[in-house]
Protein chains: 2
Amino acid sequence: MQAQNLKYSNCNMQRSMAILGTKWKPIVIWVLRERKARFGQIAASIHIISRKVLTTTLQELEADGIITREEYKELPPRVEYGLTERGQALLPILRQIAQWNARYFGEELPHPEHDEDVLLNC
Amino acid sequence: MQAQNLKYSNCNMQRSMAILGTKWKPIVIWVLRERKARFGQIAASIHIISRKVLTTTLQELEADGIITREEYKELPPRVEYGLTERGQALLPILRQIAQWNARYFGEELPHPEHDEDVLLNC
DNA sequence: TACGTTAGTTACCTATTGGTTACTACTAAT
DNA sequence: ATTAGTAGTAACCAATAGGTAACTAACGTA
């Protein structure tokens, strides 16, 4: 998908997909749902993302105003990432996207009392 | 995005994005939200999609159980596409995705009484 | 036979996404 | 000088998504 071009589409859905519809962005947003995290923490949470791809992903999310990036003047260098309000607003949508998949493709329906991490299994 | 691999991800969100996170699939689903349509009608609604890409998109959506495909034994050949229950279940999610974009990237907030076509502008 | 209508199919191409590998910047501590 | 810890960067590549252009299948009708 040529997301960069789609960001200027007339269609609100297409523009959203251009921002979100990639392999790692939803995961990064999910990792940041409850607290800020540093680059290395995000990488460790995700397990198998390359530094190169994580860097690009974070840069794009920041450019789209979905996450914040704060540098701390200290050593070792420390950068913290967190969700903006715009990013927070995506969380219920991501939950529904995951629920849809679990419901229609999963082998059993998820129970409401299941922890979110189990639901998403990310 | 390598959607074909992602369909087998552990993560429900990633699997959904593999199915949905492309340029044309959300649009095709939206076009079919209220009534079944033929190949040519879908193409005309979307305006600028190539027959090649529309064919591929429809095949994949059918394979994922999101749309139905009915051939009619008549001439000219007639094929009708419609949403499955699984596909219908995606509509509220797509609406929210569009609303999110309109709210956080649009120049003014959409009014509740605005028609859906205006909201999505697809 | 030629044409019309519908839903494709095929060959080829470009641009993007995601990945591997190696390297970098910075400074304190050893 | 070397090492450590953190967040990157650069060069290169494979696979995929989307696209153009041309062609095809099927049969009824003129």
Side-chain angles (χ1 to χ4, degrees), chain A residues 1-9 11 14 17-28 31-32 36-64 67-82, chain B residues 1-9 11 14 17-28 31-32 36-64 67-82:
Chain A
M1 174 169 66
Q2 305 185 0
Q4 299 309 316
N5 295 337
L6 274 196
K7 285 188 183 176
Y8 309 103
S9 163
C11 168
Q14 276 187 334
M17 277 307 169
I19 292 169
L20 267 188
T22 67
K23 181 173 180 180
W24 292 118
K25 285 178 185 172
I27 308 294
V28 169
V31 165
L32 294 174
K36 295 186 179 187
R38 286 175 291 128
F39 183 96
Q41 286 173 328
I42 299 171
S45 292
I46 298 182
H47 300 308
I48 56 170
I49 191 171
S50 70
R51 289 196 296 277
K52 183 258 186 189
V53 170
L54 181 55
T55 301
T56 304
T57 301
L58 290 168
Q59 282 171 356
E60 285 170 13
L61 286 171
E62 190 196 0
D64 290 328
I67 64 171
T68 56
R69 179 181 182 278
E70 281 178 279
E71 287 186 28
Y72 289 79
K73 306 271 183 186
E74 64 187 59
L75 285 181
R78 176 174 161 209
V79 179
E80 283 205 345
Y81 296 91
Chain B
M1 173 166 70
Q2 304 187 3
Q4 299 309 316
N5 294 338
L6 274 194
K7 284 188 182 176
Y8 309 104
S9 162
C11 169
Q14 275 187 335
M17 278 307 169
I19 293 169
L20 267 188
T22 68
K23 181 172 181 181
W24 292 118
K25 284 179 187 173
I27 308 294
V28 170
V31 166
L32 295 174
K36 295 187 178 184
R38 288 176 289 128
F39 184 96
Q41 287 172 328
I42 299 170
S45 293
I46 299 182
H47 301 308
I48 56 171
I49 189 171
S50 69
R51 287 197 295 278
K52 182 258 187 188
V53 171
L54 180 55
T55 301
T56 303
T57 300
L58 290 168
Q59 283 171 354
E60 287 170 12
L61 286 171
E62 191 196 359
D64 290 328
I67 63 172
T68 56
R69 181 180 182 278
E70 283 178 280
E71 285 186 29
Y72 289 77
K73 305 270 182 192
E74 63 189 61
L75 284 180
R78 176 174 158 209
V79 178
E80 286 205 342
Y81 296 91

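Below, read A as the first sequence line, B as the second, and so on, with proteins coming before strands; counting in each chain starts at 1. Only heavy atoms go into these numbers, but all of them, side chains included; no hydrogens, no water, no symmetry mates.
- At the phosphate of D:dT9, OP1 or OP2 sits under 4.0 Å from a side-chain N or O atom of A:Q59.
- Of the two residues near DNA chain C, A:I49 and B:L58, the one whose nearest nucleotide lies more 5' is B:L58.
- Regarding B:E80, its CD atom lies at a distance of 17 Å from the C1' atom of C:dG8, rounded to whole Å.
- For the side-chain contact (heavy atoms from CB on, under 4.5 Å) test, residues two or more places apart in sequence or in another chain that qualify with B:L20 are A:M17, B:I29, B:L90.
- Side-chain contact between A:V79 and A:F39 is absent, with no heavy-atom pair separated by less than 4.5 Å.
- Residue pairs meeting the side chain to side chain donor-acceptor pair (under 3.5 Å) criterion with at least one member in residues 38-55 of chain B: none, sequence neighbours excluded.
- The two residues A:C11 and B:I27 make their nearest non-hydrogen contact at SG-CD1, 3.5 Å.
- Scored by the salt bridge (Lys or Arg N to Asp or Glu O under 4.0 Å) test, A:E62 finds no partners at all (sequence neighbours excluded).
- Taking 4.5 Å as the limit, every side-chain heavy atom of B:K23 sits out of range of all side-chain heavy atoms of B:V53.
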* Let me have a per-nucleotide readout for nucleotides 13-18 of chain D, 5' to 3', with B, S or -, counting only protein heavy atoms under 4.0 Å. => ---SSB

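- Remark: P of D:dG8 and CG of A:L54 are 8 Å apart, rounded to the nearest angstrom.
- As a whole-Å value, the separation of A:E70 CD from D:dT6 C1' is 17 Å.
- Atom-to-atom, CD1 of B:I42 to P of C:dT6 comes out at 14 Å; the value is rounded to the nearest Å.
- For the side chain to side chain donor-acceptor pair (under 3.5 Å) test, residues two or more places apart in sequence or in another chain that qualify with A:E80 are A:R78.
- Annotation: side chain to side chain donor-acceptor pair (under 3.5 Å) contacts of A:T57 (sequence neighbours excluded): none.
- Note on B:E71: nothing from the nucleic acid sits closer than 4.0 angstrom, heavy atoms only.
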Protein and nucleotides 22-25 of chain D: nitrogen or oxygen contacts under 3.5 angstrom:
| from | atom 1 | to | atom 2 | distance (Å) |
| --- | --- | --- | --- | --- |
| D:dC23 | N4 | B:R51 | NH2 | 3.4 |

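- In the helix from C:dT1-D:dA30 to C:dT30-D:dA1, the end axes, each obtained as the rotation axis mapping the C1' atoms of four pairs onto the next four within a five-pair block, lie 40° apart to the nearest 10 degrees.
- Atom CZ in A:R78 sits about 14 Å away from atom C1' in D:dG5, given to the nearest Å.
- Atom C1' of nucleotide D:dA7 and atom NZ of A:K36 are separated by 17 Å, given to the nearest angstrom.
- Here the side chains of A:K25 and A:I19 are not in contact, with every heavy-atom distance at 4.5 Å or above.
- C:dT6 atom C1' lies 12 Å from atom CZ of B:R69, rounded to whole Å.
- The shortest side-chain heavy-atom distance between B:L58 and B:I42 falls under the 4.5 Å cut-off.
- What you find for A:A18 and A:L6 is that their closest heavy atoms are CB-CB, 3.6 Å.
- Residue contacts shown for B:Q41 are absent, as no nucleic acid heavy atom lies under 4.0 Å away.
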